[in-house]
2 protein chains.
Amino acid sequence: MEDYLESISMLAQGGKVVRVTQISKALGVRKPSVTSALKKLSKEELVEHERYGYVKLTDEGQKIAEDVFHRHETLRHFLGEILGVNPKMAVEDACKMEHAVSPITLERLAKFVEFVLNRPRGKPEWLKGFNYYFEHGDLPPEYTAKCLRDK
Amino acid sequence: MEDYLESISMLAQGGKVVRVTQISKALGVRKPSVTSALKKLSKEELVEHERYGYVKLTDEGQKIAEDVFHRHETLRHFLGEILGVNPKMAVEDACKMEHAVSPITLERLAKFVEFVLNRPRGKPEWLKGFNYYFEHGDLPPEYTAKCLRDK
DNA sequence: TCCGTTTGTTAGGATACACTAACAAAATAA
DNA sequence: TTATTTTGTTAGTGTATCCTAACAAACGGA
């Protein structure tokens, strides 16, 4: 259900109206699945939807959608920019993982991503070291040199 | 189903025999759920189990169990030792996430954890900086000092 | 050995999704 | 305005899990 909310929110960007067919395509499910999801979400007061009409999120629904989106983006950034997973797979995995992360963990992950990518400024050296390590299974020359020097 | 395999594998550690009740308790589900899971896993040749008897993993089942366990441990380490999530929650979140991570992403995560915690040796300084940042919402004094100096 | 407890199974049902087929409403084009 | 196409709904199914209640097998002590 979270995916439906997230998708509706995305499709509504810029004040556009949202219809069943769009949601169906966005999520890769058939239209009857959308209809029944909407029925359920209406009952929970997360969307407004009348037969054959447009779909709109309630405030509560919008809040949840934004939360899911935030989880998604945090994971996507972590996977893509820190682990170096390719963009397509980063999105796919983020989609699956976004429903499994607890709020507290997510908050820490968000801070982590922010810390690594922006503090004190820009991507740190060690992350480049990690990329090298991942590609070559060993540390880059300067690390090794430093290690030897330290001995 | 993966959870069943993982659990059976854990319970069998050290050559111990495994029974339905144990699995039931380990996973927090009722015994009929275990019985039917075993029926299914038997059909897929992942476990051996005859009525009222012990439960054993096949080689194939053991392989999958170990893979799940590896995913679990990788995630747990990441959450606990890098993000600093408390141990109990690290386990819980790892349990939920372990079924959502693709193999490629998992491999990168494993390398990342190894890199951060062991290369070139021990926990790096910046990770302590992160912990401080998370607690105080700001960088520790030495970072700030370094920043100013660099200016 | 036989009776109660523990352990495991069967039967039947609930929920959360998804799907197809068939139909109904709305929109569009002739 | 009527015919056609597009869009959305309903009805009925299927699969994956879980559950409870009731029963059956196995185990262990008196």
Side-chain angles (χ1 to χ4, degrees), chain A residues 1-12 16-57 60-61 64-65 68 71-72 92 94-101, chain B residues 1-12 16-57 61 64-65 68 71-72 92-101:
Chain A
M1 288 302 130
E2 284 186 342
D3 283 333
Y4 285 97
L5 294 175
E6 188 184 8
S7 169
I8 293 164
S9 172
M10 306 292 293
L11 293 168
K16 286 198 280 287
V17 297
V18 179
R19 286 174 311 169
V20 167
T21 302
Q22 290 178 284
I23 301 170
S24 157
K25 279 179 186 154
L27 291 179
V29 299
R30 300 296 190 155
K31 287 184 287 182
S33 304
V34 177
T35 302
S36 71
L38 292 176
K39 198 178 294 174
K40 192 170 185 176
L41 293 168
S42 290
K43 209 171 292 168
E44 297 173 49
E45 315 234 287
L46 298 174
V47 308
E48 282 163 36
H49 175 231
E50 38 197 54
R51 289 183 90 217
Y52 298 98
Y54 298 138
V55 180
K56 256 194 67 181
L57 292 174
E60 175 70 5
I64 296 176
V68 178
R71 300 208 295 269
H72 181 97
E92 277 170 28
C95 275
K96 289 181 290 170
M97 296 169 79
E98 72 194 15
H99 307 294
V101 196
Chain B
M1 288 300 129
E2 283 185 343
D3 283 332
Y4 285 97
L5 295 175
E6 189 185 8
S7 170
I8 294 163
S9 172
M10 306 292 291
L11 293 168
K16 287 198 280 289
V17 297
V18 179
R19 288 175 311 170
V20 167
T21 303
Q22 290 177 284
I23 303 170
S24 157
K25 280 180 185 152
L27 291 179
V29 299
R30 300 295 190 158
K31 288 184 286 183
S33 304
V34 176
T35 301
S36 72
L38 291 176
K39 198 178 293 174
K40 191 169 185 178
L41 293 168
S42 290
K43 209 170 292 166
E44 296 173 49
E45 314 232 290
L46 299 173
V47 307
E48 283 163 35
H49 175 231
E50 39 198 53
R51 288 185 90 216
Y52 297 96
Y54 297 138
V55 180
K56 256 192 66 181
L57 293 174
I64 296 176
V68 177
R71 300 208 294 270
H72 181 97
E92 277 171 27
D93 277 30
C95 275
K96 290 182 290 170
M97 296 169 81
E98 73 195 14
H99 308 293
V101 197

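To find a chain, count down the sequence lines: A is the first, B the second, and so on, and within it residues start at 1.
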Minimum heavy-atom separation for [X] to [Y], with atom names?
{"X": "B:Ala94", "Y": "B:His72", "answer": "CB-O, 3.8 Å"}
{"X": "A:Thr21", "Y": "A:Lys31", "answer": "OG1-CD, 3.6 Å"}
{"X": "A:Arg71", "Y": "A:Glu98", "answer": "NE-O, 2.6 Å"}

Under 3.5 Å: donor-acceptor pair, side chain of A:Ser24, backbone of A:Val29: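 Between the backbone of A:Val29 and the side chain of A:Ser24 there is a qualifying donor-acceptor contact (under 3.5 Å).
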Side-chain donor/acceptor of A:Gln22 to backbone N/O of A:Arg19, under 3.5 Å: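 Yes, because the side chain of A:Gln22 sits within donor-acceptor range (under 3.5 Å) of the backbone of A:Arg19.
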Atom [atom1] of [X] to atom [atom2] of [N]: distance rounded to whole Å?
{"X": "A:Tyr52", "N": "C:dA25", "atom1": "OH", "atom2": "C1'", "result": "5 Å"}
{"X": "A:Arg19", "N": "D:dT5", "atom1": "CZ", "atom2": "P", "result": "18 Å"}
{"X": "B:Lys39", "N": "C:dG8", "atom1": "NZ", "atom2": "P", "result": "15 Å"}
{"X": "B:Gln22", "N": "C:dT6", "atom1": "CD", "atom2": "C1'", "result": "14 Å"}
{"X": "A:Leu38", "N": "D:dT10", "atom1": "CG", "atom2": "C1'", "result": "15 Å"}
{"X": "B:His49", "N": "D:dA25", "atom1": "NE2", "atom2": "C1'", "result": "12 Å"}
{"X": "B:Lys25", "N": "C:dT6", "atom1": "NZ", "atom2": "C1'", "result": "10 Å"}
{"X": "B:Glu50", "N": "D:dA25", "atom1": "CD", "atom2": "P", "result": "16 Å"}

Summary of protein contacts for nucleotides 13-19 of chain D, nucleotide by nucleotide, where a base hit scores B, a sugar-phosphate-only hit scores S (4.0 Å, heavy atoms): ---SSSB
Distance, nearest 0.5 Å, that separates NE2 of B:His49 from CD1 of B:Ile23: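 If I round to the nearest 0.5 Å, the distance is 7.5 Å.
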A:His99 vs C:dA16: side-chain N/O to OP1/OP2 distance below 4.0 Å: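 For C:dA16, OP1/OP2 do not have a side-chain N/O of A:His99 under 4.0 Å.
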Below 4.0 Å: OP1/OP2 of D:dT10 and any side-chain N or O of A:Arg51: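 For D:dT10, OP1 or OP2 has a side-chain N or O of A:Arg51 closer than 4.0 Å.
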Sugar-phosphate only, base, or nothing, as touched by A:Thr35 at under 4.0 Å among non-hydrogen atoms: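 Base contact.
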Pairwise side-chain contact, B:Leu38 with B:Ile8, heavy-atom cut-off 4.5 Å (strictly under):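 When only atoms from C-beta onward are counted, B:Ile8 and B:Leu38 do touch, with a gap below 4.5 Å.
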